[in-house]
Amino acid sequence: MASDGGAIGRIGFAYNPTSDAAVTLRDRATAWAEAQSLDHWAAPAADREALHRELPGSDVLVVLGGDGTFLRAAHAVIEDDVPLLGINVGKVGFLSKVEASDIERVLGQLVASQYALEPRMALEGRILRDGAAYGDRLLALNDVVIARGSLARVVRLDTSIDSSHLASFIADGLVVASPTGSTGYSFSAGGPILGPTARNLVVTPIAGYLTTIRSVVVGPSAVVRCRVVDAHEALVSVDGREDIPLAVGDVVEVRAIERPVRLVEPEGSMPFWDLVRQKVELLPS
């Protein structure tokens, strides 16, 4: 359930610097904030150092770009816990509730506290190599994907839920998605769409060979473990941002993060299922 939004005193803008439309929108947004004498800052969404420096003390982070830009910014707020609002300048913008033409109106709604906050479950993953943690923890709003590399050869993945063996998948890979990510890669691979505020993990094989298990939904306390049994080349991808090579024998663990990411819902925002139908025409009219 969404909670009421509070007063906005300091606002940040994360944008895609490679998009002319996003840069133009940044200029519009900062000019509006300047005219309102509102404390504000702007940084590229991929500049994690700048985001982590500026986010403390900020009341909201407004993302100017497509879904990829939104997911980069989400990685920062998973750690810094600042509400997030997407302004779409991409083609689909499924994660963004606001179109670029409405930015001044919506910024005015934020300042007037005419918005609510909707909690979204995020994911934490880690790689285990020879029984020990390997590399940094993996933070995702959408999904953690274990998949084959560039060669068209399947991988064999032993998958378990907590202490129970689920299946040995011979497939192109496996998606572990949050409810927010259930409309993305997981859905394309045959998984269900979950309501965005649910607290579940969706486990979906990608192009599974002779598998009778297409997709399962598990609770928020479950730990999904995926061991690479056989692969010519395998990797783990986090929200489509980074590809980390995996070795045979590596285990990828994925679990829910207790603290949610808070997404801003301006008053009058389109309901989720209407957005699904309008954006990608997944549901019948």
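These numbers come from a predicted model, not from an experiment.
- In this structure, Leu275 CG and Ser96 OG are separated by 9.5 Å, a value rounded to the nearest 0.5 Å.
- Following chains of ILVMFWY side-chain contacts shorter than 4.5 Å, one cannot reach Val217 starting from Val176, and the two form parts of different hydrophobic clusters.
- Applying the side-chain contact (heavy atoms from CB on, under 4.5 Å) test to Arg225 and every residue at least two apart in sequence or in another chain returns Ser160, Val223, Val251, Glu253.
- When side chains are defined from C-beta on, Tyr15 does not count as touching Val89, because their heavy atoms never get closer than 4.5 Å.
- For Asp158 and Arg227, the salt-bridge test passes: some basic side-chain N is under 4.0 Å from an acidic carboxylate O.
- Residue Glu258 qualifies as open at atom CD: its count of foreign heavy atoms under 6.0 Å is 12 or below.
- For the atom pair SG of Cys226 and CD1 of Ile127, the computed distance is 11.5 Å after rounding to the nearest 0.5 Å.
- No donor-acceptor pair closer than 3.5 Å links the side chain of Ser186 to the backbone N or O of Ala177.
- Heavy-atom contacts from other residues, nucleotides or ligands closer than 6.0 Å to CZ of Phe272 number more than 12.
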- [ ] Start with the C-alpha distance between His52 and Asp80, add both sets of side-chain angles, then the distance that settles side chain to side chain donor-acceptor pair (under 3.5 Å), and finish with yes or no.
- [x] CA-CA 7 Å; His52 288 310; Asp80 290 322; 2.5 Å; yes
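- Atom-to-atom distance recorded for Arg148:CZ and His232:NE2 is 12.0 Å, nearest 0.5 angstrom.
- In summary, the side chains of Asp162 and Ser164 do not present any donor paired with an acceptor at a separation below 3.5 Å, with no hydrogens or angles considered.
- When side chains are defined from C-beta on, Glu54 counts as touching Arg10, because their heavy atoms get closer than 4.5 Å.
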TODO: With side-chain contact (heavy atoms from CB on, under 4.5 Å) as the test, would you mind laying out the steps for Val106 and Val264 before giving the verdict?
DONE: CA-CA 11 Å; Val106 170; Val264 174; over 6 Å; no
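- One distance of note links CG of Asn88 with CD1 of Ile103; it measures 11.5 Å at 0.5 Å rounding.
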Open item on the list: I'd like to know whether Asp172 forms a side-chain contact (heavy atoms from CB on, under 4.5 Å) with Val155, so could you lay out the CA-CA distance, the side-chain angles of the two residues, the decisive distance to 0.1 Å, and finally the verdict.
Closed with: CA-CA 6 Å; Asp172 283 354; Val155 293; over 6 Å; no
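- Between the side chain of Asp239 and the backbone N or O of Asn142, at least one donor-acceptor pair lies under 3.5 Å.
- You'll find the side chain of Ile11 stays beyond 4.5 Å of the side chain of Trp32, heavy atoms only.
- With salt bridges taken as basic N to acidic carboxylate O contacts below 4.0 Å, one links Arg120 and Glu118.
- Asp81 and Arg262 are joined by a salt bridge, as a carboxylate oxygen and a charged side-chain nitrogen come within less than 4.0 angstrom of each other.
- Each of Leu141 and Val175 belongs to its own hydrophobic cluster when Ile, Leu, Val, Met, Phe, Trp and Tyr are linked at side-chain heavy-atom distances under 4.5 angstrom.
- Taken together through direct or relayed side-chain contacts under 4.5 Å among Ile, Leu, Val, Met, Phe, Trp and Tyr, Val154 and Val203 form parts of separate hydrophobic clusters.
- A distance of 7.0 Å separates CZ of Arg53 from CG of Asp47, quoted to the nearest 0.5 Å.
- Side-chain atoms of Glu124 do not come within 3.5 Å of backbone N or O of Arg137 as any donor-acceptor pair.
- In this structure, Arg129 pairs ionically with Asp250, as a charged nitrogen and a carboxylate oxygen lie closer than 4.0 Å.
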Open item on the list: Test side-chain contact (heavy atoms from CB on, under 4.5 Å) on Tyr185 and Ile206; report intermediate values, then the result.
Closed with: CA-CA 9 Å; Tyr185 200 170; Ile206 305 167; 3.5 Å; yes
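- Distance check, rounded to the nearest 0.5 Å: CG of Leu64 to CZ of Phe13 gives 7.0 Å.
- When side chains are defined from C-beta on, Leu85 does not count as touching Val63, because their heavy atoms never get closer than 4.5 Å.
- With contacts defined as side-chain heavy-atom distances shorter than 4.5 Å, the pair Ile213/Thr159 does not qualify.
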- [ ] Go through the steps for Val82 and Asp59 under the test side-chain contact (heavy atoms from CB on, under 4.5 Å), then give the verdict.
- [x] CA-CA 6 Å; Val82 172; Asp59 297 303; over 6 Å; no
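- Remark: Asp136 CG is loosely packed, at most 12 non-hydrogen atoms of other residues, nucleotides or ligands lying under 6.0 Å away.
- The hydrophobic clustering, which links ILVMFWY residues whose side-chain heavy atoms are closer than 4.5 Å, places Val77 and Leu138 apart.
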